[in-house]
Amino acid sequence: KQKIGKEETDLINRIMQHKKKSVKNAIKDALKKGMKEEAIDRIVEEAKKKGYYQQKVFKLTPEEILDLAKIIEKETAPGSG
């Protein structure tokens, strides 16, 4: 069982607010405030590589949700992009 930190929890909550949307659109809507469009595009591209960017958020497995949070966290880390 993996532990998740506060940042990952916050990111998951932001994504889950858009649970009926596709992962791609949920990412764009959840992150559009305070994040550059290029960074959002890189996150969407990573989700595309993983194969779940077109799925509805509520259909993701817990592992996929955590993976998505880690992708976002990596992209938002200082010094990225």
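Quantities reported herein were computed from a predicted structural model and do not represent experimental measurements. Side chains included, hydrogens not; waters and symmetry mates left out as well; all remaining heavy atoms used.
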A.B. asks: Suppose we screen for side chain to side chain contact (heavy atoms under 4.5 Å, CB included). Which residues come up paired with I12, at least two apart in sequence or across chains?
C.D. replies: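 Checked I12 against side chain to side chain contact (heavy atoms under 4.5 Å, CB included); matches are I4, M16, I65, A69.
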
A.B. asks: Using the side chain to side chain contact (heavy atoms under 4.5 Å, CB included) criterion, which residues pair with N13? Sequence neighbours excluded.
C.D. replies: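 If we apply the side chain to side chain contact (heavy atoms under 4.5 Å, CB included) test to N13, skipping adjacent residues, the hits are T9.
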
A.B. asks: Between K70 and E73 (salt bridge meaning N to carboxylate O under 4.0 Å), is one present in this structure?
C.D. replies: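 Looking at K70 and E73, the cut-off is not met.
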
A.B. asks: Please report the closest heavy-atom contact between L31 and I40, naming both atoms and the distance.
C.D. replies: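 Smallest interatomic distance, heavy atoms only, reads O-CD1, 3.6 Å.
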
A.B. asks: How many angstroms lie between CE in M35 and CZ in R42, if you round to the nearest 0.5 Å?
C.D. replies: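 Atom-to-atom, M35:CE and R42:CZ are 9.5 Å apart.
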
A.B. asks: Find the distance between CD (Q17) and CD1 (I15) and round it off to the nearest 0.5 Å.
C.D. replies: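 That separation rounds to 9.5 Å.
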
A.B. asks: Any ion pair linking K6 and D10 (charged N to carboxylate O, less than 4.0 Å)?
C.D. replies: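 Yes, charged N to carboxylate O under 4.0 Å.
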
A.B. asks: Can you list everything that forms a side chain to side chain donor-acceptor pair (under 3.5 Å) with K32? Sequence neighbours excluded, please.
C.D. replies: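 K32 satisfies side chain to side chain donor-acceptor pair (under 3.5 Å) with no other residue.
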
A.B. asks: Got a sec, which residues hit side chain to side chain contact (heavy atoms under 4.5 Å, CB included) with Q55, two or more places apart in sequence or on another chain?
C.D. replies: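 Partners of Q55 under the side chain to side chain contact (heavy atoms under 4.5 Å, CB included) test: Y52, K59, L60, E64.
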
A.B. asks: Only counting residues at least two apart or in another chain, list the ones meeting side chain to side chain contact (heavy atoms under 4.5 Å, CB included) with E37.
C.D. replies: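 Per chain and number, E37 pairs via side chain to side chain contact (heavy atoms under 4.5 Å, CB included) with D41.
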
A.B. asks: Report yes if the side chains of V23 and Q54 come closer than 4.5 Å at any heavy-atom pair, otherwise no.
C.D. replies: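 They are not in side-chain contact.
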
A.B. asks: Report the residues that fulfil side chain to side chain donor-acceptor pair (under 3.5 Å) with K33, sequence neighbours left out, ordered by chain and then residue number.
C.D. replies: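 Residues passing side chain to side chain donor-acceptor pair (under 3.5 Å) with K33: none at all.
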
A.B. asks: Which distance, rounded to the nearest 0.5 Å, do you find between the OH of Y53 and the NZ of K48?
C.D. replies: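 Y53 OH to K48 NZ: 4.0 Å, rounded to 0.5 Å.
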
A.B. asks: Taking all non-hydrogen atoms of both residues, which atom of A47 and which atom of I27 are closest, and how far apart?
C.D. replies: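 In terms of heavy atoms, the two residues are closest at CB-CD1, 4.3 Å.
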
A.B. asks: Applying side chain to side chain contact (heavy atoms under 4.5 Å, CB included), run through R14 and I72 and close with a yes or a no.
C.D. replies: CA-CA 11 Å; R14 288 172 70 182; I72 296 167; over 6 Å; no

A.B. asks: Ignoring hydrogens, what is the shortest heavy-atom contact between V44 and K24? Give both atom names and the distance.
C.D. replies: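 Looks like CG1-CG, 3.8 Å.
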
A.B. asks: Heavy-atom distance under 4.5 Å between the side chains of D67 and K50, does that happen here?
C.D. replies: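 Sidechains of K50 and D67: in contact.
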
